[in-house]
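Reading through the structure tokens given below for one structure.
All chains are named by letter (A, B, ...) in the order of the sequence lines, taking the proteins before the strands, and each is independently numbered beginning at 1.
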Amino acid sequence: MDPSTTTRPTLLVVDGHSLAFRAFYALPVDNFSTEDGQATNAVYGFLTMLSQVIETEKPDRVGIAFDVKGGTFRNELLAQYKGTREAAPEELLSQLPLIQQALTALGVRWIEKTGYEGDDVIATLATMGERDGCRVLVLSGDRDAFQLIDDDVTVLYPGYHFKDLKHMDPAAVEAKYHVTPRQYPDLAALRGETSDNIPGVPGVGDGFAAKWINQYGSLDAIIEHADEIGGKKGEALRENLDQVRLNRRVNTLVRDLDLGVTIDDLGYGHADADLTERLFGELQFGERTRTKLLASFNTATDASGRQEESSIPAIVEPLVDTLTDAASLSMWIEQYCPPADATGDGPDRSLDVIAEYDRQGMQCADAVRRSWTLYVDGDAKPGHAAARMAAIMAGAHAVVFDPADPRYHDTLRALLDTRAGSMSVHGFKESLHMLTAAGLRCPSVLFDTNLAGYLIDPDFQGGSLEECAAHFLDIHIDGHAEGPSQGTLGFEDDDQDEDPAQRCIDHAAVVAALARRLAPEIERREQYPLLRDIELPTSRVLFHMERIGASVDRARLDELHAQFADESARMEAIAERAAGRSLNLQSPKQLGVVLFEEMGLTPTKKTRKGSYTTNAAALQMLYATSEEGSKANEFLGALLRHRETNKLKQIVETLIDAIDPKDGRIHTTFTQTVTATGRLSSVDPNLQNIPNRNAAGREIRSGFVPGDGFVDLLSADYSQVELRIMADLSGDEALIEAFRSGADFHRYVASLVFGVPVDEVTPDERGRVKAMSYGLAYGLSTYGLSKQLGISNGEATTLRDRYFETFGKVHDYLESLVANARRTGYTETIFGRRRYFPDLNSPNRQRRDAAERGALNAPIQGSAADIMKIAMIRADRALRDAKLVSRVVLQIHDELVVELAAGEVEEATALVKDAMEHAVDLAVPLDVSTGVGVDWQRAAH
DNA sequence: CGGGTCACGTA
DNA sequence: CGTACGTGACCCGC
């Protein structure tokens, strides 16, 4: 690979008809038309889709190709050619001139050529662009465009969702069709193209066509050897030779038309504001749509203002060195990458002595300044992880290479083994996924800009490198650090007209700049120990959990799905019968009509937007008050049942869809930088909200099972962690004693609060105290408490007063949390995780109250999250140290699920329990209860 | 198609 | 008018 520092302009060529078709069929025409009946769905869709592509690809030149009415030379060859396409509905055809007018107004060039198709215009533009040294992107849903693909031309081919455009390069074509882009028209000629009404050889699809092409080299050669091909398919081929020859002539795109434009004419960004406004007015586009479109097509015009905003001053544009072989990489590393700091004891420090943990080794800014940066480009999704390219930046130098290239492996292994301790990355967990896909291991890193950014501002949403760069490099961090001049003006980040290698290098440079910016801030806040000893090791554990995935019993899930689907359908039928008509039970809007208009029921509550709520609580209320045996009663009963089972059906469905066919397991992604409190979250799918509260939903847990080679699942969870944290942090003797006594906690507390002996506490009293205890950490109001317990506000107030009389220090502690947060602006967990609450001083009472509740909750929920992270690190290490194969597979905030191997049940259970119980030393014991079973449900306890 | 809203699952 | 999340369905856009 020869990374080049020269950047090239990008030309975007768009298949106008293909995009218009796509837009037309994606958007319901009913929703988009002007008052006088002109359809606008294709116009709207066309422009929004195009603006999306322009915003992501940021091309320098744009040309839109259109077909011209009337025939082309192809019709003379093939009478039925595009017979299907001529049948385009009038509603679409009438919009094409509008699209072209809009493009003109927006300053985007569109081109057509009489007697030729848009495809020929595209082919010509792409060829011209290539000749002028452009990187060419062709946006088209027409596979004929694949023949244009080469090293300089990429086709953006829309997938099921328009937004996931597939970047079809030569490798992608070969992977999908097993022929080169140049051979693709041969393949298409054999196969035919149904959407263009072109028949191929009957019975021959992509597979056979590719087989023949690879066997004989080309279509010509296949035709030449047609007699040698046996079987039914050979026969079919011989019978259709003329058709195939014709197909091949028709699908060859013309690349040398005289279009009367040059590539330089295809600049854009100078929209005619008046013309646009007038046209959009006629189309009755809303204000928001207008400004959005105008802005995205006008970026170049107001570049003076905008581009400065997105330039990143802290970035050093590196000198790129060229690699020729492993030896040159080795020498480069020797020269530029510093070895790990010998004095530090590495990121994975022991957490065994967490009790004496005193946040040592807080310095990181100096080390980060001397560190080197690795950026890996690829896919970090567990199950499909892949590494495409990697760049290392050290000082002002950079190299780029293919990490999966075996020539570099020994060198890279040595590098990571010995010097990862002086390496910065953006996303350690993601890097591990990609490096592993490339066959590399990585022991530890010095710094992670994603995790660091999260610790600095956990409310900032957006873990992508771009978002972090915008947030932390563009904007000063809470008024601190006047940003010592980085010396260089840097490059503009909106320069996307660069090859992947260059982009990889640029990203590495951004990570390096981010690391230099964030490390001093982390150090100033004394958060490096939190990053190094908790977040980074947690990333590693999560990486393993994601990679392993959770094993499920497909047959069991299928069975549950059928069960829920059946019940759901039955309830739907009953509800519709009672309603006297068919309706969509999943539409709150339709439900509102039936309930509150047709049946005349009295609505209880409104939603924010003014419609009447149909949530379960409201329906339950209506159900309870409706007359037994009435239509409404029958309807509501069925609706409630439908809600429940249909929800369960959906949950099971998403689980089934998430099963990785390669291993039959579900690989969730645990996001580590999302929640404002420090908890993890689980996405794609979310395995942290599998039903557990009622029997029917809990059944779903029986679908989670030990995988091959494992015999049981262990479920280990903390009892009342948050309350125990409150006991410790408040220092309230009564509450501490309540936990130390080992008695039934809520019963014990109730006896104190109500002043009765423990064995005389009624279930009702216990329940009230339990609700009160849990409500505390949420900032529960007496109003909320009364509502939840169904008691009067007075009774709730009395309960609260008695509670705080009994546990006075808890009260003081909770008050102090808010008071301190108001003073400092933030709250802090046991391990120094911060969360900022600017709204504590808001003049808006609602916002202020919400901030107060957040400030109450964040340190408690956050400390619990810290503790669980430590527990996970310790559990993972304990299992490894004991050389067990049992492994942690899931975390659900206060619970770990472990896959147990035969013969390890007792030992692994004891190790995990111990790891959790001794994650931290509090004034109260941490109680962990465990259960073992052949599925997750049976492992419950 | 993409974003907002509603409803609802978890700790 | 307790905290923290993620997902799926519907509906709208003009």
Side-chain angles (χ1 to χ4, degrees), chain A residues 22-35 38-41 43-46 48-49 52 158 160-164 280 282-286 288-290 584-592 607-609 611 613-619 643-644 646-651 653-654 668 671 674-694 697 700 717-718 721-722 771-772 774-788 793 835 845-846 849-850 852-858 860-862 864-865 868 891-895:
Chain A
R22 180 87 191 189
F24 180 77
Y25 288 108
L27 274 52
V29 70
D30 307 358
N31 287 354
F32 296 86
S33 44
T34 61
E35 278 168 18
Q38 170 64 52
T40 57
N41 62 333
V43 186
Y44 177 84
F46 187 102
T48 48
M49 288 171 178
Q52 277 167 27
Y160 179 69
H161 292 287
F162 178 78
K163 210 165 187 186
D164 13 272
F280 284 4
E282 281 169 27
L283 296 169
Q284 295 170 11
F285 281 12
R288 238 180 41 208
T289 309
R290 292 190 209 190
N584 188 344
L585 293 184
Q586 293 176 125
S587 165
K589 207 180 153 196
Q590 294 183 37
L591 236 38
T607 60
R608 270 186 303 284
K609 240 196 86 201
S611 53
T613 181
T614 65
N615 65 27
L619 295 181
R643 273 269 172 86
E644 194 185 333
N646 198 53
K647 174 85 183 175
L648 296 176
K649 188 193 84 173
Q650 277 167 222
I651 292 172
E653 222 163 72
T654 50
T668 183
T671 64
V674 163
T675 70
T677 52
R679 276 190 176 180
L680 304 176
S681 81
S682 159
V683 295
D684 200 18
N686 182 355
L687 294 186
Q688 289 180 322
N689 71 344
I690 305 303
N692 197 22
R693 284 179 187 167
N694 59 56
I700 297 175
D717 62 57
Y718 282 118
V721 235
E722 298 190 353
M772 178 74 215
Y774 279 112
L776 283 182
Y778 297 148
L780 183 65
S781 64
T782 51
Y783 174 86
L785 185 64
S786 68
K787 254 191 87 177
Q788 190 189 313
N793 207 334
R835 182 179 174 191
R845 214 198 60 167
Q846 196 152 320
D849 286 353
E852 285 184 7
R853 289 191 296 271
L856 206 75
N857 176 259
I860 298 167
Q861 188 184 120
M868 181 48 118
Q891 186 254 45
I892 307 95
H893 308 305
D894 65 359
E895 172 186 7

On DNA chain B, which is the earliest and which the latest nucleotide, 5' to 3', with an atom closer than 4.0 Å to a heavy atom of chain A?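 Counting from the 5' end, contacts occupy B/dC1 to B/dA11.
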
Whether [X] side chain and [Y] backbone form a donor-acceptor pair below 3.5 Å:
| X | Y | result |
| --- | --- | --- |
| A/Gln688 | A/Gln891 | yes |
| A/Gln284 | A/Thr34 | no |
| A/Asn41 | A/Leu27 | yes |

Which is true for [X] with a 4.0 Å heavy-atom rule: it touches a base, it touches only sugar-phosphate, or it touches nothing?
| X | answer |
| --- | --- |
| A/Val43 | nothing |
| A/Gln52 | sugar-phosphate |
| A/Ala777 | nothing |
| A/Leu680 | nothing |
| A/Asn41 | nothing |

Could you tell me which residues satisfy salt bridge (Lys or Arg N to Asp or Glu O under 4.0 Å) with A/Arg288, sequence neighbours excluded, listed by chain and number?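 Expected list: none.
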
My understanding is that only residues two or more places apart in sequence, or in another chain, count here; which of them pass salt bridge (Lys or Arg N to Asp or Glu O under 4.0 Å) with A/Glu644?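 In terms of salt bridge (Lys or Arg N to Asp or Glu O under 4.0 Å), with neighbours along the sequence ignored, A/Glu644 is linked to A/Arg641.
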
Quote, to the nearest angstrom, the P distance that separates B/dC6 from C/dC1.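 Comparing P positions in B/dC6 and C/dC1 gives a spacing of 14 Å.
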
Parallel, tilted or perpendicular, judged at 30° and 60°: which one describes the rings of A/Phe280 and A/Phe285?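 A/Phe280 vs A/Phe285 ring planes: tilted.
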
Reckon A/Arg679 has a side-chain N or O less than 4.0 Å from the OP1 or OP2 of C/dC5?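 Answer no for this pair, as no side-chain N or O of A/Arg679 is under 4.0 Å from OP1 or OP2.
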
Taking only side-chain N and O atoms of A/Thr675, does any of them lie within less than 4.0 angstrom of OP1 or OP2 on C/dC5?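 Answer is no, no contact under 4.0 Å.
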
A/Thr613: side chain to side chain donor-acceptor pair (under 3.5 Å) partners, not counting sequence neighbours: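 In terms of side chain to side chain donor-acceptor pair (under 3.5 Å), with neighbours along the sequence ignored, A/Thr613 is linked to A/Asn615.
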
Counterpart residues, side chain to side chain donor-acceptor pair (under 3.5 Å), relative to A/Asn793 (two or more places apart):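 With sequence neighbours excluded, A/Asn793 shows a side chain to side chain donor-acceptor pair (under 3.5 Å) to A/Thr782, given in chain and number order.
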
A/Tyr783 has an atom OH; how far is it from atom C1' of C/dG2, in whole Å?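 Result: 13 Å.
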
List the protein contact pattern of nucleotides 8-14 of chain C with one symbol per nucleotide (5' to 3'): B for base contact, S for sugar-phosphate-only contact, - for none; contact means a heavy-atom distance under 4.0 Å. SSSSBBB

